[in-house]
Structure formats: C-alpha cells, structure tokens
2 protein chains.
Amino acid sequence: MSDLLERLRGRGWRMTAQRRVVAEVLDGEHVHLTADEVHARAVAKLPEISRATVYNTLGELVSLGEVLEVSTDKRAKRYDPNAHRPHHHLVCARCGAIRDVRPIGNPLADLPDSERFGFTVSDVEMTYRGLCPDCASA
Amino acid sequence: MSDLLERLRGRGWRMTAQRRVVAEVLDGEHVHLTADEVHARAVAKLPEISRATVYNTLGELVSLGEVLEVSTDKRAKRYDPNAHRPHHHLVCARCGAIRDVRPIGNPLADLPDSERFGFTVSDVEMTYRGLCPDCASA
DNA sequence: TCCTATATTGGACTTAGTCCAAGTCAAGCA
DNA sequence: TGCTTGACTTGGACTAAGTCCAATATAGGA
C-alpha cells in the first residue's frame, strides 16, 4: 500500500499520520471494512484519531478512485481498497463474509437496447449471494 | 394488487386498513419507493397511519416474498413490488431514476468454480448504472 | 356480541453518517 | 533551521433511516 501513499503524495495530498494509518488499515485483498471498523483499527495504531477524520479520509480515497464503496448488506457502507482490479462481490447470506470475484463475460453487453429505456449505460455492479463453506456445513 | 391482498389473506394475514393502504401504494411497474415515501403516500389515504406500521408492513411483505428490498443508492432502502418477475435494476447516476430490466443470459453461470471460494452460490443481483435520457441531454 | 391474539401507535432509542468552528500541523520558503 | 499559512483534524452537535417497546385498539372466529 506504500505505492498508494506515493500516488497520493504525487497528487498533492498532504501526508499526515492519520491518513497514513487509514491507508495502512485498508491494505490487502478481500478487505471490506465499514467506516467504524476502519476507525477501530486506526485507533489501535493512533489512539487520538477521530471518527470525522476517518470519514473524511475514506471519502477522499473514494473520490480519488483509490478505494471503492460497496454496500452488500443493507447496513453500513464498506470500503474496498481493491479499486484498480475491476471485480464484483460474493457475499455469504448468513455470516456476511465477502470475497472479490471476477466473472467471465461482459454483463454490460447482456442488456439489450430494448431494456435500456434510452439510458446511456456505463457500468454494472454484481453481487452474488450464497453460503460460505462454514455456514453451508453448519 | 388486489390479488396480492387475496394471497395475503390466504396466508392468514389479518386484513387491516393500514395494510390495505400500504399494499395499494406499492402497486405498479418500476415502483421503487423508500419507506418514507410509502408512508407519505399512505398518510394521504389514511391520515392516522404511523411510520412504525409502515415499517412493520413493509418488513412483512419482504419476508413473505411479495416485495423486494433494493438499495441502489447508498441512502434509504427502496421497496419494489415487482417480486414475482425476476429482474435487475438500471439506475441513473445523476437523478436516481430506476427502471426494472431483464438482461439476457445467465449471470450465475458466469462465475467459474475457481471464483466461488467454496460458496454455494444461489443468487445474483445486478445494478446497471448510467444516465437517463433527461440527465444525459442536460 | 364478546374475546383474544394480533396489529397499531407514538415516542424514545440506535446506528450510520454529516457538518462546523476552533485548533493543529505539513511542507514550501527564507 | 524556523516561519507562515492553508490544508487537515478534532469533538461534539446534528440529521436521516430505522428499530423497539409498552400501551391501546381491532379483526375475525366462537
């Protein structure tokens, strides 16, 4: 994730301890934390960081395109650092576990003109649902 | 939607003025109201109906499978009465307009085993995004 | 008509997130 | 290195969406 920090610095981001910590927390594959979870982990590294700063920083990362907002359950938004590799999500209906997945094919092409209602369609977001191995065997 | 009321009565639902009004409000194609919108329209027909009852009734309709919960924007949940005709959604990124759409193909089959992480996948939910004709021309 | 399990009500509460004025500090410049 | 300043952070108040609950009302069967 240090390349992320480099990219951000290059874009004129002022580098602060708080931003560094948020970026560190949001590292890895299959990471989908809520803002509160990010805050909790950030506090462990930098006790005085505030909720407002976590929200601000997440919002900035999202609008810079470095982090994706996903809302797979209907509760809090989750933040996905895997923004540079397009993907969809597979969610366990029981425990909420989330994996990043890459289906084959091009779902955009599967929407016929007759189903576009004159819209200019530019993007599609897919959420697969099912049971994870643990919940399926329980 | 009177067939809905019949079905519900058949399932042992006690029929009240409030439930009838909520069911009436949720009638039609391409209807995707928030709970508050449902409440506002219900109040127009039955001034003393409470927010709690609207939430209760919507929740029951969802768990009976008569109404779908969709969260296309990241704000309030929306309720979609078009539950018996499987479909996905096309959302205007600017104004939030929503249409029901039916893509061709079977997206479930497009998730290879190697991308299933041992999950039992049973369902997929797709949200197309773009600009509606009005917003595209503005 | 009466009875009672079921439904409704309104208000308090919770959760997720936003906003803001005041204080702090990173980083460019001398 | 030590200023300066505008960008960043803070905490607390605020909002929106939704849940919960104890008290009250009522649908529908006997």
Side-chain angles (χ1 to χ4, degrees), chain A residues 5-26 32-43 45-64 66-80 96, chain B residues 5-26 32-43 45-64 66-80 96:
Chain A
L5 292 176
E6 272 321 305
R7 276 203 301 282
L8 295 174
R9 202 190 306 269
R11 297 219 217 177
W13 238 38
R14 208 154 103 180
M15 197 45 54
T16 66
Q18 290 84 346
R19 287 174 169 182
R20 217 176 335 254
V21 164
V22 169
E24 272 170 41
V25 166
L26 281 178
H32 308 91
L33 299 170
T34 63
D36 264 2
E37 288 164 352
V38 172
H39 181 236
R41 299 191 186 196
V43 162
K45 295 169 181 259
L46 184 68
E48 67 276 23
I49 192 172
S50 74
R51 269 174 14 96
T53 296
V54 170
Y55 275 103
N56 289 342
T57 306
L58 290 173
E60 284 153 15
L61 288 169
V62 168
S63 54
L64 290 172
E66 296 288 348
V67 164
L68 298 175
E69 235 174 47
V70 299
S71 39
T72 50
D73 57 6
K74 311 296 166 47
R75 326 267 315 153
K77 294 177 202 168
R78 292 178 174 275
Y79 294 89
D80 181 345
Chain B
L5 292 176
E6 273 321 305
R7 275 203 301 282
L8 294 173
R9 203 192 304 269
R11 297 218 217 177
W13 236 39
R14 208 154 102 178
M15 197 45 54
T16 66
Q18 290 82 348
R19 286 173 170 183
R20 217 176 335 256
V21 164
V22 170
E24 274 170 40
V25 166
L26 281 177
H32 308 90
L33 300 170
T34 64
D36 264 2
E37 287 164 352
V38 171
H39 181 236
R41 298 191 187 196
V43 162
K45 295 170 181 258
L46 184 68
E48 68 275 23
I49 192 173
S50 73
R51 270 173 15 97
T53 296
V54 170
Y55 275 103
N56 288 343
T57 306
L58 290 172
E60 284 154 13
L61 288 169
V62 168
S63 53
L64 290 172
E66 296 289 348
V67 164
L68 298 175
E69 236 174 48
V70 299
S71 39
T72 50
D73 56 7
K74 311 297 166 47
R75 327 270 312 154
K77 295 176 202 169
R78 294 179 173 273
Y79 293 89
D80 180 345

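Convention: sequence-line order gives letters A, B, ...; per-chain numbering from 1.
Taking atom NZ on B:Lys77 and atom P on D:dA16, their separation rounds to 18 Å, with Å as the unit. Rounded to whole Å, the distance from CG on B:Asp36 to C1' on D:dT19 is 14 Å.
Annotation for B:Arg20: atom CZ counts as buried by contact number, over 12 foreign heavy atoms lying within 6.0 Å.
Atoms CD and CG, on B:Glu24 and B:Leu5 in that order, are 7.5 Å from each other to the nearest 0.5 Å.
Nucleic acid contact for B:Arg19: sugar-phosphate only, since backbone atoms but no base atoms lie under 4.0 Å from a heavy atom of the residue.
For the pair A:Val25 and A:Ala42, the tightest heavy-atom approach, listed with the atom from each and the gap, is CG2-N, 3.9 Å. B:Leu26 and B:Tyr79 get closest at one heavy-atom pair: CD2-O, 4.0 Å.
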When you check every protein heavy atom under 4.0 Å of nucleotides 23-30 of chain D, what one-letter string (B, S, -) results, 5' to 3'? ---BBS--
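Side chain of B:Arg19 to backbone of B:Arg14: a donor-acceptor contact under 3.5 angstrom is found.
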Between A:Arg11 and A:Glu60, is a salt bridge (charged side-chain N to carboxylate O under 4.0 Å, His left out) present by the stated rule, with each step listed? CA-CA 12 Å; A:Arg11 297 219 217 177; A:Glu60 284 153 15; over 6 Å; no
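Judged as a side-chain contact (heavy atoms from CB on, under 4.5 Å), and not counting sequence neighbours, the contacts of A:Ser50 are A:Ala52, A:Thr53. When the ring pair (Phe, Tyr, Trp, His ring centres under 6.0 Å) test is applied to B:His39, no partner is found at least two apart in sequence or on another chain. Shown here are the salt bridge (charged side-chain N to carboxylate O under 4.0 Å, His left out) partners of A:Arg9, two or more places apart in sequence or in another chain: A:Glu6.
In the 5' to 3' direction, nucleotides of DNA chain C lying under 4.0 Å from heavy atoms of chain A begin and end at C:dA16 to C:dA27.
Place B:Arg51 and A:Ala76 on DNA chain C by their nearest nucleotides, and B:Arg51 ends up nearer the 5' end.
Heavy-atom distances under 4.0 Å link DNA chain C to B:Ala52, B:Thr53, B:Asn56 of residues 52-63 of chain B, given in residue order.
Two residues are said to be in side-chain contact when any heavy atoms from C-beta on lie closer than 4.5 Å; B:Ile49 and B:Val22 meet this criterion.
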